[in-house]
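Note sheet for the following structure.
In the text below, chain A, chain B and the rest are named by the order of the sequence lines, each starting its count at 1.
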Number of protein chains: 4
Amino acid sequence: MGGTMDGMKQQRRGNTRQRIQDVALELFAEQGYEKTSLREIAERLDVTKAALYYHFKTKEEILVSLFEDLTRPIRELIDWGSRQPPTLETKQELVRRYSEALAGAAPLYRFMQENQATVRELRIGETFKERMQGLRDIMIDPKADLVDQVRYVSAIFTLHAGMFLLQDLDGDAEDKRKAVLEVAADLVTRAHEGSRRAKESS
Amino acid sequence: MGGTMDGMKQQRRGNTRQRIQDVALELFAEQGYEKTSLREIAERLDVTKAALYYHFKTKEEILVSLFEDLTRPIRELIDWGSRQPPTLETKQELVRRYSEALAGAAPLYRFMQENQATVRELRIGETFKERMQGLRDIMIDPKADLVDQVRYVSAIFTLHAGMFLLQDLDGDAEDKRKAVLEVAADLVTRAHEGSRRAKESS
Amino acid sequence: MGGTMDGMKQQRRGNTRQRIQDVALELFAEQGYEKTSLREIAERLDVTKAALYYHFKTKEEILVSLFEDLTRPIRELIDWGSRQPPTLETKQELVRRYSEALAGAAPLYRFMQENQATVRELRIGETFKERMQGLRDIMIDPKADLVDQVRYVSAIFTLHAGMFLLQDLDGDAEDKRKAVLEVAADLVTRAHEGSRRAKESS
Amino acid sequence: MGGTMDGMKQQRRGNTRQRIQDVALELFAEQGYEKTSLREIAERLDVTKAALYYHFKTKEEILVSLFEDLTRPIRELIDWGSRQPPTLETKQELVRRYSEALAGAAPLYRFMQENQATVRELRIGETFKERMQGLRDIMIDPKADLVDQVRYVSAIFTLHAGMFLLQDLDGDAEDKRKAVLEVAADLVTRAHEGSRRAKESS
DNA sequence: AATGAATGAGCGTTCATTCAT
DNA sequence: CATGAATGAACGCTCATTCAT
């Protein structure tokens, strides 16, 4: 019937799946996975709970779909990293690109960080863990000094933390990301030098 | 020890409150706060749910009591820190003592880290946040370079992360704590030097 | 693209109604009416649930159609029987032909037997009941001894039961049907003789 | 008797479990297991659904408890039978006592008969099947003629059917039970004789 | 110091059904 | 001839909490 569409009830049909994902991510991040009920998601979208089940088989599947859609760049980055030689340059570039990739999936990663206990029991828990271990394997030299190993871990973790721990510091978001990246890169460099020093002095 | 004692069913009576806390912490840490039901806690203790309500007014109160009991040293430490001059030495000592204090409340802190989304909505959420801000205020020089501010935050966060992010690295727990501490202390030192450099070059 | 039929996805179009009936009967018999959902039927046929509604107005209608299609011979048999004189010969022939008719609608009858509670509430419940009463009216002489009345009922019931109660006995299916028929026929004969005896001795 | 008790809301406390069983059996028998919802049971008892869960872990458990409570005599009877020599006398007595035992659990057995498809998927399905097989093993002589084997099965089945197939015949319930028993006993006798005949003629 | 019995609210999920396209 | 999208009603179940005993 054309015309200009009546109001907004029926706005954009066919994108309901996407709208569910958007609202779900927002609520999951805000209140946590368990405390967010399907009723709540449905109400915000002005559909019934049953409608959600037309698009997703379970509540968990909504989260899985978000994870898969939003973390693809990160998965690809780790794949790339695992095929590079473990030089300092590789690690530096990995850290730089990881920082960017994280920024693109910030709300989801914040959610994952804040709901670890819950996520661990879900299907994506295992996937996430494997991914982190992939990162670790690329970064960490198992022959390095324990302190330097911690530096690597700290670098990764600093990147993650950067996303939400700096929220209450003021300043431009992109500036903060750069600052976080610099600290992480610095940690990586020092960890790498430490290894060299260890080798030389042996 | 004397008496007749039938088996072990009512081992140590009168300490039920304490036993509830122990079991609750274990389960909260293992499965998260929401996924741990009072039924489960009661069953493990072989008492009824109603018994829990004799000792604690609500589920949340169990957590609050754990938090208060286990984080007292940390609260005192921060109180102490806030009365010291903001020198490098103060910060170094704070970091050292914080690392020790954390080790004493590790399971609870691990729980807090992994259940942030949940904790945020609870009474202790606010308290915890204030405490972290207290730490931040002691450590961070607001006039410092953004990168150095990140270094301070990263130091604190590295200490937290140390507790559970290194679980799958092998090595003695105390060795790992020391390594983590060294990295954190190093970050603090560099942050402090950075500030001095900044001042000199201005 | 175009022309030659790709595989088997749309094998025989136009007979969807029939395929729905086939799958439905299979699932109804296997899992019961309530536990079989339209989703399940649709999935097996690789069509959508809505497609089922093109062919049948309701779930119940699918069952009704099966009943009507598969039990026509039985209905006709009973009609025939009710027009015959109530002699032993009539009853014997009725039993013989009923046994054959049942074999032709075995899965449906098995379903009816195993889902009586459900069927009773459905439209076919009444029909089925009437039919059974028709059978009874033909067989049973209301003036006969109670024991002989039971024999008639037992004969009918033995025929029904034969279909699935002998499933775990081994032997050829047709042999078993014959054996069941013999027992039923025997019961009918004895019931009839009993009635004669009763009359003679009065 | 004695005391007047205020209304009926709180009548007999402590017997709620029993009242749940009573109402559940009534509704299960009337409408079937699936069509009976816990809401319905709860409403009839004027308690909440959650109260049912205080007494039974699941809906299925309510049925299991009914089965176990009501069919104990039958279980014991079969145990007894399996320890006797397989003479005609044993079988006759078994049939007689089985008929009595069935009468005591009539509503439940009627339910089982009318909800076979459902029951088969439940925990009691297996148990019930085993029990029927036990009965069969006692009764049936595997070396007997197929027709006689059918007679044994028919005898058992006639007993079951007797409970509800004769509902619309009029007459005293106990008279009907006796008549059913006589037919079943007769079938057993003939089956036994058949076997003897077979042996003699060989 | 603890239990037995129950509640009210809510949850995730499934179902038969509808209807515009 | 069929699908995509959605609904309304219900379901079995769990939870934190209460309270008389």
*Determine which bases of DNA chain E form Watson-Crick or G-U wobble pairs with both distances under 3.5 Å, and write the result as a 5' to 3' dot-bracket string with | for other-strand partners.*
.||||||||||||||||||||
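Here E/dA6 is the nucleotide among E/dT17, F/dA2, E/dA6 with the atom lying nearest to any side-chain atom of D/His55. Closest approach to the C/Ala51 side chain among E/dA5, F/dT3, E/dA2 is made by F/dT3 (side chain taken as heavy atoms from C-beta onward). Closest to the C/Thr58 side chain, of the nucleotides F/dT18, E/dT17, F/dA2, is E/dT17. Distances were taken from every side-chain heavy atom of A/Tyr54 (C-beta onward) to each of F/dA6, E/dA6, F/dA2; the shortest belongs to F/dA6. The listed nucleotides are E/dT13, F/dA6, F/dT3; the one nearest the side chain of C/Thr48 is F/dT3. Comparing F/dA2, E/dA5, E/dT7 by their closest approach to the side chain of D/Ala50 singles out E/dT7.
Residue C/Tyr53 places at least one side-chain N or O closer than 4.0 Å to OP1 or OP2 of E/dT17. Using a 4.0 Å cut-off, no side-chain N or O of D/Thr16 falls inside it from OP1 or OP2 of E/dA5.
Side-chain N/O atoms of C/Lys49 and base N/O atoms of E/dT17 include a donor-acceptor pair closer than 3.5 Å.
When rounded to the nearest whole Å, the span between CZ of D/Phe56 and C1' of F/dG12 equals 16 Å. The interatomic distance linking C/Leu63 (CG) with E/dA16 (P) rounds to 13 Å, in whole Å. Note: CD (D/Gln18) to P (E/dA5) measures 14 Å, nearest angstrom. Following rounding to the nearest Å, C/Asp46 (CG) and F/dT3 (C1') show an atom-to-atom distance of 13 Å. With rounding to whole Å, C/Leu52 atom CG is found 13 Å from E/dT18 atom P.
A heavy-atom distance below 4.0 Å to DNA chain F is reached by none of the residues of residues 23-42 of chain C.
For the pair D/Glu60 (side chain) and D/Arg123 (backbone), a donor-acceptor distance under 3.5 Å is present. Between the side chain of D/Gln116 and the backbone N or O of D/Gln113 there is at least one donor-acceptor pair closer than 3.5 Å. Formation of a donor-acceptor pair under 3.5 Å by the C/Thr36 side chain with backbone atoms of C/Gln31 is not found in this model. At distances below 3.5 Å, at least one donor-acceptor pair connects side-chain atoms of D/Lys59 with backbone N or O atoms of D/Tyr33.
Using a cutoff of 4.0 Å between basic side-chain nitrogens and carboxylate oxygens, B/Glu43 and B/Arg39 are scored as salt-bridged. Taking 4.0 Å as the cut-off between side-chain N and carboxylate O, A/Arg120 and B/Glu114 count as a salt-bridged pair. Using a cutoff of 4.0 Å between basic side-chain nitrogens and carboxylate oxygens, A/Arg44 and A/Glu26 are scored as salt-bridged. A salt bridge does not link A/Glu68 to A/Arg72: none of the charged nitrogens lies less than 4.0 Å from a carboxylate oxygen.
Taking for each of B/Glu60 and A/Val47 the nucleotide of DNA chain F with the nearest heavy atom, the 5'-most of the two is the partner of A/Val47.
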_Test ring pair (Phe, Tyr, Trp, His ring centres under 6.0 Å) on A/Phe111 and A/Phe67; report intermediate values, then the result._
CA-CA 10 Å; A/Phe111 163 81; A/Phe67 183 76; 9.9 Å; no
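At least one test fails for D/Lys35 against the ring of D/Phe28: distance under 6.0 Å to the centre or angle within 45° of the axis.
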